[in-house]
Amino acid sequence: QDGKAITTVVKISGIPWFDRMETGVNKFAEQNPEMDIRQVGPATADSAQQLQIVQDLVATGVDALAVVPMDPDILEGILGRAMDRGTIIVTHEADNQANTHADIEAFDNADYGAALNERLAQCMGGEGKWTTFVGSLGSRTHMQWVGAGEENAKKYPGMELVDPNNESFDDANGTYEKAKEILRKHPDIKGFQTSAGNDVLGVGRAIEEAGLAGKVCLVGTGLPNPSAAYLDSGAITAIGFWDPQKAGMAMNAVAKFMLEGKEITDGMDLGVEGYESVTVKPGAGKGLLIVGNGMVLADKDTYKDYLF
Amino acid sequence: MSAAGTSHNQAAANAGPGGGLSGLIAKRPEFVTLVLLMAICIAVTIANPAFLQPSTLIDIGRASVVTGLFALGVFVILAAGGIDVSFTAIAALTMYSITLLVQKYAPDLSIVVVFAIAIAGGVFLGVVNGFLVYTLRVPSLIVTIGTQYFFRGGLLAFIGTTWIMELPGEMATFGRLSLLEFETANGAIVSLPVYFLILPVVAVLTWWIMRRTLMGRAIFSLGGNPEVTARLGYNVKIVHLFVFGYAGALAGLAGIVHITANRLANPFDLVGTEISVIAAVVLGGARITGGTGSVIGTMLGVLLVVVVDNVLVMVGIPSTWQRVFVGAFILLAAAFFVTRQRKFKPAK
Amino acid sequence: MRNIHKRFGGVHALRGVDMSLQAGEVYHLLGENGCGKSTVIKIMAGAHPPSEGQIILDGEVHDELTPIQSLDFGIETVYQDLSLIPNLTVMENVALGEQLVEGHGRLLRTLDRARLKETATKALSQVGLNVTAELLSTIVSDLPLAIRQLVAIARAIACEARLVIMDEPTTSLTRREVENLIDVVSKLRSRNVAVLFVTHKLEECYRIGGHAIVFRDGQCVAQGPINNYSRTDLAELMTGRKISEKRYRTGAPSAETLMVLDRLEVPGRFRDVSFKLHKGEVLGITGLSDSGRNELALAIAGIKPAAGGSISVNGKPVRIHSASESIDAGIGYVPEDRLSEGLFLDKSIYQNEIALILRKLASKFGILDMKKGKEIARDISEKMRLNTADIELPVSALSGGNQQRVLIGRWLSIDPEILVLHGPTVGVDVGSKDAIYQTIQKMAEQGIGLVIVSDDLPELLQNCDRILVMSAGEIVADLNGAGANEDEIYQAMLGSVQEGAA
Amino acid sequence: MRTKDGHFTVLVALIVVLMTAGAIVSGGNYLSLFNLQSMAGQVPEIGLLAIGVMLAMSVGNGGIELSGIALANLSGVAAATLVAGHFSASSDPGMFSLFFILVALAVGLLGGLLNGLLIAYLKITAILCTLGTQMFFIGLAVVLSDGRSVRVGAPGPLYEIGNGFLFEIPISFLLFIAVAGLIGFVLRYTPFGLWLMLNGSNPKASEYAGFPQNKVIIATYTVSGVLSSLAGIIIAARTINVKWDYGTSYLLVAILIAVMAGVRPEGGYGRVVCVVLSAIALQMMSSMLNFMGLSNFVRDFAWGALLLGFLAIGRFRLTDFFSPQFRAVTASVQRPQARK
Ligand SMILES: Nc1ncnc2c1ncn2[C@@H]1O[C@H](COP(=O)(O)OP(=O)(O)OP(=O)(O)O)[C@@H](O)[C@H]1O
Ligand SMILES: Nc1ncnc2c1ncn2[C@@H]1O[C@H](COP(=O)(O)OP(=O)(O)OP(=O)(O)O)[C@@H](O)[C@H]1O
Ligand SMILES: [Mg+2]
Ligand SMILES: [Mg+2]
């Protein structure tokens, strides 16, 4: 497929998560030198800006778009029109996206939320007060994760959920303040399950400063590198994540297959680690839902295997 | 309406008409802020007695530092009749580029020198603001919207976007130095960090400049009537450069405090909080049209905003409702403020 | 000053002015509005650089002065707009300058607060104010205008001045305060300080004495001891034409009652004010600045509504709680301060003229009849004899006299039954005054009832049928305009003050 | 006023330059029908908000409107949640669209009215008031939608507003132009318009001239609120969904557009045409940067530079160049200080 262009549009550029994804996109570009592969994203976490970028990209006549939507619903209109124009659309973290040829998930969201919670329960000894953080109430995957976590916690009658679904806005400082407040309000709190990438940093700092590292459990989504210090001190019990680098490569790989007219089938190998044998189901719309096996849970002892 | 509503009523009751009191309020609007603040604290304590513990005070103090530094800068600019929305961008730009530089070239640099460089950087960017406001002669709101975009866009486009997780040398340790430390019943440690001291020191300095130096008088004078100020022999250009430079200096300082406290340098931080800082200053009794305000009032305004931000969970407001409450609070506080002020100001 | 020229864009405001001032002398700078008096002053004070020419101070030649240089030399100025800082205290306004000049404009120095107080106290008592701690710490914007003017004068004499310039310092002072000012001037003189007055009140100049400097069109046309010139001489020099001091009022009011005020009251300001205004009558109201006359005018205009009493127009009681209700009742009000209270400076003459009748110009769909509006505006411009026919010109581009005409003309648009003029000729020169007085008389002839609130006694005597004198919030005299004289009015104004105080 | 036509000319020139540059950069793609349509479809929402900002600035008293996008989102969210309970978007598209629009407009009207009342009667500074209502509106939208995005669906008429074309021009753009034209007309040819501008020019003189000042302020903010809800409707129609945090970056961009259009921030002057042109120019520039594949941070940087550049141009040369006489006069005229 000479000269075909795939552009990856992320939620926001410049943050570690998507910088890591960019390394994947670049790697894919190296593997496919004949294609025009790049990644862009809005300057602020604003779905309107992402919409505008997608719109302009469609206008430039790009062949395929790999999008990580801020808000899948907001993009439905333009993605639909792009598909009408013949643009290949691949999405990520948007299992409810109707207008897409394929949505790729690193794992099943419910499994992931349950796994995080299970790790938390294990640390808490199945007992005590716990609370949850989400990036924002509107973030679908975050709500799925904490929802699955709540469900999982029902297995442990001793676990009591208090003041759930605190919004962090992915801002470590704000999360820190909130976590302090919760520690004050519930001096006996035992666990935190968090969702957005920076939440573990804010909550971890609050726990560490209160001298509670190791006494209060914290399990949440996070990246190994930024969390390293807190994992070492015990302020963070464990982090869960999937590797955005691999996700980026997987999206581009699927887009390339589709540009080549190849079919994606259940159990197929996308040629990317964690996506060697993907589950393929019908998606929310006419497209496919491709689920990989990319979940990683890491703690003090294991995080060094994934330094990024 | 719990928090905001009660505070309103209570404050109204406390500040009820009374001879000496009314005069006091007319002269010292920050009194209203104080009453509001106390009313909220009382209301929150009633709603949840857990509010009354030393750690609350310390956490609020700690959370006030960055906002407070910003607010003092904004207050000085407001007093001179201007307004600034670029200070957060100045803070982000200085803190991030300095961290980069220190990390790369002088990881063992003393924190005092780091602060000095940050202040110098802030002064430079602030002076750019002041220069533009003075020479372009357009409202500073507009100029600083422009420089906000300019500084922040420049930072993210040309300097970098990656977070710096490992702060170099003393920058990493400074944030953890504590002034006092004690243990609560459940074994948690509460500590007041050393950087907290910066706020009172800067507040006193600002008070001194505004009240005890000719520059302070010139600043108020500029906010009162710029043409006359120029005619009376004050160098209006210098005053412009000074106020924006000073606010820039405080922003640079606040930026470093922010990262040492946070233990990571995130270039995306801070921008977006400017409006609530301005709200804090205005709630502290400074008029947005300039020429008024006090350091005490500004500090009380900051406390008010920080407290409201920090008690929502305490009072048990679910997260879906929190914004409604903060919004309603700002409106009620502002309305309360204006009506009080008007009532006690004799019709002229 | 040698051969000073000043150009503002296209305006050539000063065209080669030569003048010299000696220590210990009093000078009066006279001239029509816009002849360049204020501009000369601003050049001396360093507020504007001259476009050409030189300024020589003690033999030292300067091409231009900065404010600090000028202050340093000892040139102190009381500007026309007073130039006080509204949000600072009286003490700071008066005495800060001293410390500023001492540091040659350096701002980064601590205040000497003891000195501040000392200097302020001295200067304020010199201008005759009773200095209390409360006065010192009062914010200037809370003061009445007359006291502000005194504070401004105090500021000028607070430092060791060598030349004190006063640009129309007496516009809002009453006679008693003027006497005081004259005292201050003679004290200054005795300390070998030169004083330069700018004023339109010739009678004051004669009382103070000294030299006259007459400007016309940016040039100095005469210079010499003031007593060498008669009033008519001066007026002629200033305007370049003859102006007589006639009584303008020739007509007589009709017997028909137009407006009745009954026991009008604003607590603390005035009370029990009752009078009748006839059709075609010109009624003057005067009094000291704190006599309540200003508040009375504002109450009739609905801007600071009365709390008690009633107003009726044409026998029908009217409710006046806002400016628009007053307008609806057929009452027009020309405010005292035309720039800040009257005109929309950056808007066109057209928009300024139709501001009051927007509702009437609107069709039933709410759309303005622009053609009719422009006609009306053109008509008014003609009637008021504006010096431009272009009604799209922004009012800011007009001269002061023309601006005042635009403002008065605005009221013609509503055909008012009653027009309240508050200080109609404040700061207006002889030539423009003449035009305004003629307009007033013409309106009276058309049956409009006019109320002139003013402290310019000759103005009232020349124009009014009746003159009401207010004192301490009450009407204390009702004099016949044709028969009364200035002394009689002063008696009334002051006499009852003593009564009131007793 | 003819006197400020300088801005108009500059904006038109800028648009022409952008067209040319865009064509060169993209090899024609930029001027393709699809892209022109796409850009035209993006302008209305931000353009309407910018007109709202312009009105608030023009009425004076330190007027500004920070709650615009929050109110736009609130009207969308409120309409979507309320109407969905009564009509189905798919089976009853006509009624759904009608009521959606009505409810949204009503919410905008009420929100604007609230701003106006608070500012006019309680005398809360506009910046503080609209900041408070901004949070309040966002909060209400979060409460109504539980923080999630609410699906509106694609009911025919509504969908057409957001995505349809008339003579190859996006309907939303036509709507925007029509509304802008209407506002421009109102400002020029109705008492309200003149009151608004005159009040901004000198509030004290307006009081003395007996203007219904409070009503004018209330009406101004109400109109601004209605414009926000129109933006909300267009957003809902275009994105088929509404969410409380859509377009957070619009807050400053709307002000940027107004300033670039020469609206005077202290009040008294602003032209709707210029706001429209300025919104278009900004959109074109932003799209061009996307075409060039430049990072969005560069765009923010460029906007800052542009705004400052515009201010500098306005101050030093261009306006002189376009109407030298006027400048000479106004530069030295001091605006009257409202005496305290
Ligand atoms: N800043 C300025 N810019 C342009 N023209 C000016 C400016 N200041 C004054 N002028 C013009 O210069 C001329 C002289 O003005 P000036 O203020 O000195 O008059 P004046 O004699 O003091 O009048 P008045 O008696 O009204 O105070 C006038 O034509 C005036 O319009
Ligand atoms: N502030 C100003 N800036 C620029 N030009 C001005 C200014 N004020 C006045 N002018 C211009 O200067 C001209 C002369 O103004 P000036 O005040 O000298 O008029 P005038 O001859 O005194 O008339 P009048 O008797 O009506 O006051 C005005 O017509 C106007 O065009
Ligand atoms: Mg003058
Ligand atoms: Mg004149």
Side-chain angles (χ1 to χ4, degrees), chain A residues 5 7 9-10 12-14 22 36 38-62 69-82 84-85 87 94 96-99 134-140 142-144 165 167 169 284, chain D residues 26-27 29-30 32-39 41-42 45-46 69 73 141-143 145-154 159 162-163 235-253 283 286-301:
Chain A
T7 303
V9 185
V10 298
I12 170 172
S13 36
E22 195 159 13
D36 179 10
R38 59 170 101 187
Q39 173 176 318
V40 296
T44 45
D46 175 10
S47 41
Q49 282 200 21
Q50 197 187 31
L51 173 63
Q52 204 182 98
I53 291 178
V54 172
Q55 190 141 16
D56 289 337
L57 284 172
V58 174
T60 60
V62 67
M70 265 296 290
D71 188 336
D73 290 337
I74 299 291
L75 294 182
E76 291 291 11
I78 179 63
L79 293 185
R81 247 176 296 148
D84 293 345
R85 278 195 112 205
T87 313
N96 60 328
Q97 189 86 58
N99 287 321
V134 294
S136 87
L137 292 168
S139 168
R140 185 179 144 85
H142 295 181
M143 296 303 281
Q144 281 177 330
N165 300 349
E167 286 183 278
F169 303 109
Chain D
S26 73
N29 249 352
Y30 187 78
S32 70
L33 182 63
F34 185 88
N35 188 47
L36 290 179
Q37 286 174 338
S38 142
M39 288 194 294
Q42 294 177 59
E45 48 197 58
I46 184 67
I69 182 63
N73 289 331
V142 169
V143 170
S145 64
D146 232 358
R148 285 185 256 280
S149 74
V150 184
R151 188 167 173 77
V152 177
Y159 184 82
N163 304 288
I235 290 168
R238 194 159 80 91
T239 63
I240 318 186
N241 289 279
V242 284
K243 182 145 181 261
W244 58 273
D245 67 349
Y246 179 88
T248 36
S249 55
Y250 284 1
L251 183 69
L252 287 186
V253 178
Q283 175 61 49
S286 151
S287 289
M288 189 164 86
L289 293 175
N290 279 342
F291 262 69
M292 290 158 67
L294 281 178
S295 114
N296 269 241
F297 304 123
V298 176
R299 187 193 60 180
D300 281 5
F301 178 78

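These numbers come from a predicted model, not from an experiment. Letters go in sequence order (proteins before strands), and every chain restarts at 1.
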Under a 4.5 Å heavy-atom cut-off, does chain A meet the side chain of [X], its backbone, both or neither?
X         : value
Ser286(D) : both
Val142(D) : side chain
Gln283(D) : side chain

Heavy-atom pairs under 4.5 Å with chain D - which of Met70(A), Arg85(A), Glu76(A), Arg38(A) has more of them than the others? Arg85(A)
Thr7(A), Leu51(A), Val40(A): which one forms the most heavy-atom pairs within less than 4.5 Å of chain D? Leu51(A)
Taking the side chain as every heavy atom from C-beta outward, state whether [X] and [Y] have any pair of such atoms under 4.5 Å apart.
X        : Y         : result
Asp56(A) : Asn35(D)  : yes
Phe34(D) : Val58(A)  : yes
Ser47(A) : Lys243(D) : no

At what distance, to the nearest 0.5 angstrom, does CG of Asp245(D) lie from CG of Asp71(A)? 7.0 Å
Which distance, rounded to the nearest 0.5 Å, do you find between the CZ of Arg299(D) and the CD of Gln52(A)? 6.0 Å
Heavy-atom cut-off 4.5 Å, strictly under: side chain, backbone, both or neither for [X] against chain D?
X         : answer
Gln49(A)  : side chain
Asp73(A)  : both
Glu167(A) : side chain

